[in-house]
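A, B, ... follow the sequence lines: proteins, then strands. Residue 1 opens every chain.
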There are 2 protein chains.
Amino acid sequence: MKSIKINSLKTYKKGEILLKQGETAKYGYLVKKGCLKSYTVDNVGKEHIMQFAPENWMISDLDSFTNQVPSSVSIETIEDCEIFLISKSDFIDIDSFDKEVVVDIANKFRNNLIASNKRILGLLSATSEQRYIDFTETYPTLVQRLPLKLIAAYIGVTPEYLSGIRRRMAKKSEH
Amino acid sequence: MKSIKINSLKTYKKGEILLKQGETAKYGYLVKKGCLKSYTVDNVGKEHIMQFAPENWMISDLDSFTNQVPSSVSIETIEDCEIFLISKSDFIDIDSFDKEVVVDIANKFRNNLIASNKRILGLLSATSEQRYIDFTETYPTLVQRLPLKLIAAYIGVTPEYLSGIRRRMAKKSEH
DNA sequence: TACCTTTCTTAAGGTATCTTATTTTTTACC
DNA sequence: GGTAAAAAATAAGATACCTTAAGAAAGGTA
């Protein structure tokens, strides 16, 4: 990715919204410091988290960013952040890149795709307790760092229910 | 993708297993005629469908195929099929491709990623009835073509429950 | 046509997860 | 350090979805 020029490094406070559901994504966000989330709010006001982006992760609505259609997610800081903004014009004209960069991009998409497919399988076939365990193994640092309700919105249960999962797991491991 | 050479076109009967969960994927499968499914069977014997591949779709376990690790899915014909096998050696050495081909591959990964992310959002936030409606809109031809139990395994409910969804939807639309 | 097999439907009872409400704990701020 | 606000824990009752089992419909084959 080294030959993609980075437009600007900006700082944000916790809780700022960088992209709103329904708007068109102008930027990809590369996190230098802090953590972002991409999420939807459904018609009964409940939040569902698509992705977390801690340090060195990249986040956007790929469909909106690439095809200039309305975004299906919002993106928001969940800690104070320093973030590189990568503009659409830097990114969309993939043909103008060096081949090496295109290979990097293809590999990045492929790895993201593998990760997304694993998540689909988990949502289809794993219990919520198992999805929580998977989360703690995949993101050991985030388990400590994120509030419970965000983890619940990521694995697909209510905060109350995740609280119960934790209690039952603690009881089990007592002996 | 035009400069990827195609190894061979093979024919299969309905119900043949092309890749078994746990084995390493040697091929990508490009469907000329018929339909494939990729799926897992969980520890209580229940089937969960990752993807359908009707005509012109490509299917494999991308992680297994790319990184030579055990596959997390099985792939099986659900109709009589004609299928192009694309071998790993044709595909994995992405650096040796023309740039144009690499751009095609990147775009294909990107589009798959967008589709997978939509499915994750659906699994997180939509009711099973809404996921069924989404399925009928995304794959109108498959709704008629596939048995109910496969659609149920794709949207993440039991066949009995999907049968109930259909009944309630029919009743609703009566007036 | 008749038979066998698979698919689909229906229904009763069970489990997982949600909703709502209340209490306790933690965090943020003056 | 004290107070307000947010987050987490707990619990009771409601709903979505599953399990099991049985019967009805549809498809394939002799």
Between atom CG of Leu146(B) and atom CZ of Phe52(B), what is the distance when rounded to the nearest 0.5 Å? 5.0 Å

Figure out the [atom1]/[atom2] separation between [X] and [N], and round it to whole Å.
| X | N | atom1 | atom2 | answer |
| --- | --- | --- | --- | --- |
| Lys46(A) | dA16(D) | NZ | C1' | 12 Å |
| Ile78(B) | dT6(C) | CD1 | P | 17 Å |
| Asp80(B) | dG28(D) | CG | P | 11 Å |
| Glu47(A) | dA7(D) | CD | C1' | 14 Å |

Minimal heavy-atom distance between Ile155(B) and Leu124(A), with the atoms involved, is C-CD2, 4.3 Å

Apply salt bridge (charged side-chain N to carboxylate O under 4.0 Å, His left out) to Lys118(B) and list each qualifying residue two or more places apart in sequence or on a separate chain. Asp63(A)

Can you sort out which residues in residues 142-167 of chain A have a heavy atom within less than 4.0 Å of DNA chain C? Ascending by number, please. Gly156(A), Val157(A), Thr158(A), Glu160(A), Tyr161(A)

Sorted by number, residues from residues 119-137 of chain B placing a heavy atom under 4.0 Å from DNA chain C are none

Which class fits the ring pair Tyr154(A) and Phe135(A): parallel under 30°, tilted 30 to 60°, perpendicular over 60°? tilted

Testing Lys33(A), Arg145(A), Lys13(A) for side chain to side chain donor-acceptor pair (under 3.5 Å) with Glu79(A), which one passes? Arg145(A)

Taking Arg168(B) first and then Glu129(B), would you say they form a salt bridge - that is, a charged N and a carboxylate O separated by under 4.0 Å? no

Thr77(B) and Leu18(B), any side-chain heavy atoms less than 4.5 Å apart: yes

Do the side-chain N and O atoms of Asn117(A) and Ser116(B) include a donor-acceptor pair separated by under 3.5 angstrom? yes

